[in-house]
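Scope of the values below: all heavy atoms of this structure, side chains included, with no hydrogens, waters or symmetry mates. If you're wondering where the values come from, they're calculated on a predicted model, not measured in any experiment.
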Amino acid sequence: YEKATKMGNSAFMGCTALESVCLPVDTTKIPSKAFWGCKKITITNLAECTQLTTIGASAFQDTSYLNFVLPDTVTTIESNAFQSAFKEGNGGSFTIGKNSKLTTIGSSAFEDCRKFPTSVYIPSTVTSIGQNAFLKCYTLQTLENFENCKITTIENGTFTYVTNLKTIKIPETVTTI
């Protein structure tokens, strides 16, 4: 794979038995629907993908169990990127580091992640969280650092049915809820 420079949309969509993928380290985007429905997928070298900036729309939609550490270089999680992931067993883990450059969490990015981790760090660099971004993330309890992000609007359905959310500190930049 050393010569691979680009992955096509839906490249591994529906490969339900696929367990492991090692991406080219110069990958800049995981494209739309790349691993949709890959129930057992693990990206073995994600931390080495130091040029990755975008997780495409529906890239990991309908995966079942992920242990995902978002590289600090990722700026955009597009719509539906992880929708209906984190649903089986203990759900896996999703980590955003303290040095993350993330700016955008797209609409429905984590919608219906019923066994989403109980806590997620929201970097201060985040300027946009789309509609229904965390809809039905039943197990989410804490949004670490949320009060320091730069969003101006809490969109429709952003935290609808996040039934275990204990407290939320609204950022001072928010003008519309």
Side-chain angles (χ1 to χ4, degrees), residues 29-30 32-36 41-43 46-47 49-50 52-177:
K29 179 178 182 175
I30 296 176
S32 298
K33 302 178 184 175
F35 300 104
W36 185 343
I41 193 70
T42 298
I43 307 298
L46 200 57
C49 296
T50 58
L52 186 64
T53 60
T54 305
I55 306 295
S58 301
F60 292 96
Q61 186 169 343
D62 200 25
T63 53
S64 296
Y65 181 84
L66 289 171
N67 285 309
F68 202 93
V69 177
L70 191 73
D72 288 342
T73 55
V74 171
T75 58
T76 304
I77 297 173
E78 291 184 353
S79 62
N80 309 92
F82 295 94
Q83 183 176 357
S84 298
F86 306 101
K87 287 178 80 167
E88 297 178 14
N90 69 0
S93 64
F94 188 86
T95 305
I96 301 174
K98 306 280 191 247
N99 295 316
S100 174
K101 294 174 178 58
L102 185 64
T103 60
T104 303
I105 299 172
S107 296
S108 300
F110 299 101
E111 180 178 335
D112 201 28
C113 291
R114 295 170 186 222
K115 297 208 174 174
F116 194 72
T118 58
S119 180
V120 67
Y121 180 82
I122 306 294
S124 59
T125 52
V126 170
T127 57
S128 175
I129 300 175
Q131 290 184 359
N132 303 326
F134 294 97
L135 175 72
K136 292 193 243 178
C137 288
Y138 299 131
T139 55
L140 181 60
Q141 296 176 15
T142 307
L143 296 166
E144 295 177 48
N145 198 56
F146 181 68
E147 67 274 12
N148 294 313
C149 73
K150 309 285 188 289
I151 64 170
T152 58
T153 301
I154 295 179
E155 299 285 351
N156 294 335
T158 300
F159 300 109
T160 299
Y161 294 115
V162 182
T163 55
N164 284 297
L165 188 62
K166 299 200 182 286
T167 61
I168 188 166
K169 296 178 185 173
I170 305 296
E172 290 182 13
T173 54
V174 170
T175 57
T176 305
I177 298 177

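Smallest separation of non-hydrogen atoms from Ser84 and Cys113: N-SG, 4.1 Å. Residue Leu52 comes nearest to Ile30 through the heavy atom pair CD1-N, 3.8 Å, listed as atom of the first residue, atom of the second, then distance. Nearest heavy-atom pair across Asp72 and Gly97 is OD1-CA, 4.0 Å. Minimum interatomic distance between Thr73 and Cys49 (heavy atoms only, all atoms of both residues): OG1-O, 3.9 Å. Of all heavy-atom pairs between Trp36 and Ser58, the closest is CB-O, 3.8 Å. Contact between Ser93 and Asn67 at its shortest, heavy atoms only, is OG-OD1, 3.0 Å.
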Please table the atom pairs, donor to acceptor, closer than 3.5 Å between any side-chain atom in residues 150-161 and protein atoms at least two apart or in another chain.
from, atom 1, to, atom 2, distance (Å)
Lys150, NZ, Ser124, O, 3.4
Lys150, NZ, Asn148, O, 3.4
Thr158, OG1, Glu155, N, 3.2
Thr158, OG1, Glu155, O, 2.7

Can you list, pair by pair, the side-chain donor-acceptor contacts under 3.5 Å of residues 102-110, counting residues two or more places apart and other chains?
from, atom 1, to, atom 2, distance (Å)
Thr103, OG1, Thr75, O, 3.0
Ser107, OG, Gln131, N, 3.4
Ser108, OG, Glu111, OE1, 2.7

Validation: residues 162-172 side-chain donor-acceptor distances under 3.5 Å, sequence neighbours left out:
from, atom 1, to, atom 2, distance (Å)
Asn164, ND2, Tyr138, O, 2.7

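Between atom OG1 of residue Thr118 and atom CG of residue Leu140 there is a gap of 8.0 Å, rounded to the nearest 0.5 Å. Rounding to the nearest 0.5 Å gives a distance of 11.0 Å between OG1 of Thr139 and CZ of Arg114. Note that CG of Asn99 is 10.0 Å distant from OG1 of Thr125, once rounded to the nearest 0.5 Å. One distance of note links CG of Asn80 with CG of Asp62; it measures 11.5 Å at 0.5 Å rounding.
The backbone N or O of Pro123 sits nowhere less than 3.5 Å from a side-chain atom of Asn145 that would complete a donor-acceptor pair. In this structure a side-chain-to-backbone donor-acceptor pair under 3.5 Å is missing from Glu78 to Gly56.
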Next on the checklist: Determine whether Phe68 and Ile55 satisfy the following criterion, side-chain contact (heavy atoms from CB on, under 4.5 Å), listing intermediate values before the conclusion.
Outcome noted: CA-CA 12 Å; Phe68 202 93; Ile55 306 295; 4.1 Å; yes
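Within the 4.5 Å cutoff, the side chain of Ile129 has heavy atoms near those of the Phe146 side chain. With a 4.5 Å cut-off on side-chain heavy atoms, Phe60 and Ile43 count as touching. Side chains of Val74 and Ile96 form no contact here, defined as non-hydrogen atoms less than 4.5 Å apart. Contact of the Val120 side chain with the Leu143 side chain is registered, since non-hydrogen atoms from C-beta on lie closer than 4.5 Å.
Aromatic ring centres of Phe116 and Phe82 lie farther apart than the 6.0 Å criterion allows.
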